[in-house]
Amino acid sequence: GAGVSQTPSNKVTEKGKYVELRCDPISGHTALYWYRQSLGQGPEFLIYFQGTGAADDSGLPNDRFFAVRPEGSVSTLKIQRTERGDSAVYLCASSPAGGSYEQYFGPGTRLTVT
Amino acid sequence: DQQVKQNSPSLSVQEGRISILNCDYTNSMFDYFLWYKKYPAEGPTFLISISSIKDKNEDGRFTVFLNKSAKHLSLHIVPSQPGDSAVYFCAAAINTDKLIFGTGTRLQVFP
């Protein structure tokens, strides 16, 4: 079956611009996660959705970052007034209902802020 | 504050030998541990996991050992194969919320 997909695969933007990153989870997965991975680091948690609502957004670094999942499937991570320090690979993962620990990751979006 | 640590950034092993990747953690509340494998330009792929109530879990060539008193876990791959060459991440969780990842260990298996 289809895995988690993310678009675009690469995004280059200028400092100060607004960007949107999209995630399509595995069909039927109710939990969706966003992580950010910087060079030489492991993925760092940003936000977790259970259905349409954000169950835990404690990893969002500041109010420039926002994510939505209006219909409980596709999610969009939105970054306002991008900064060079936002450059990283943004990973999305999904997990089935029922308390599964295993998360299934997409290929990521590489964001470069110039 | 790094709650999950992988102190070896790289490991090189000959094909056919055992690879041992290590991971330490600080939070005694973690109740589940996972290993992920990552190839360049791909997302992490789930490999194997273990609940905190167990001390060993085996799946084919992969075995994960958990030592709760030492707050240490390890992944054993035997025999190692060239296709195992990748970056391996250790991750820990409390309930089914976010995963906390280590910084990864790059494994290279040479012929």
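Here is the naming used below: chain letters follow the sequence lines, and residue numbers restart at 1 for every chain.
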Next item on the list: Check the pair B:Ile48 / B:Asn57 against side-chain contact (heavy atoms from CB on, under 4.5 Å), numbers first and verdict last.
Entry: CA-CA 8 Å; B:Ile48 192 170; B:Asn57 187 27; 3.9 Å; yes
Do [X] and [Y] have side-chain N/O donor and acceptor atoms under 3.5 Å apart?
X	Y	result
A:Glu102	A:Tyr104	no
A:Thr82	A:Tyr18	no
B:Ser80	B:Gln14	no
A:Trp34	A:Ser75	yes

Which of [range] have a heavy atom under 4.5 Å from any heavy atom of chain B?
range	answer
residues 86-94 of chain A	A:Leu91
residues 49-68 of chain A	A:Asp56, A:Ser58
residues 38-48 of chain A	A:Gly40, A:Gln41, A:Gly42, A:Pro43, A:Phe45, A:Tyr48

Checklist line | Summary of disulfide bond (SG atoms under 2.5 Å apart) pairs that have at least one residue in residues 28-64 of chain B, sequence neighbours excluded | finding: none
Return yes if some donor-acceptor pair links the side-chain N/O of [X] with the main-chain N/O of [Y] below 3.5 Å, else return no.
X	Y	result
A:Arg22	A:Thr76	no
B:Ser8	B:Ser10	no
A:Glu71	A:Ser73	no
A:Gln6	A:Gly108	yes

Notebook entry, point to check: Looking at B:Lys5, B:His72, B:Gln6, which one forms a side-chain hydrogen bond (donor to acceptor under 3.5 Å, both in side chains) with B:Asn22?
Noted result: B:His72
Margin query: Among B:Thr103, B:Leu34, B:Leu99, which residue has the highest count of heavy-atom pairs closer than 4.5 Å to chain A?
Written below: B:Leu99
Check: Is the centre of the B:His76 ring less than 6.0 Å from the centre of the B:Phe62 ring?
Finding: no
Next item on the list: May I ask you to check whether B:Phe101 and B:Tyr36 place their ring centres under 6.0 Å from each other?
Entry: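 So the answer is yes for these two rings.
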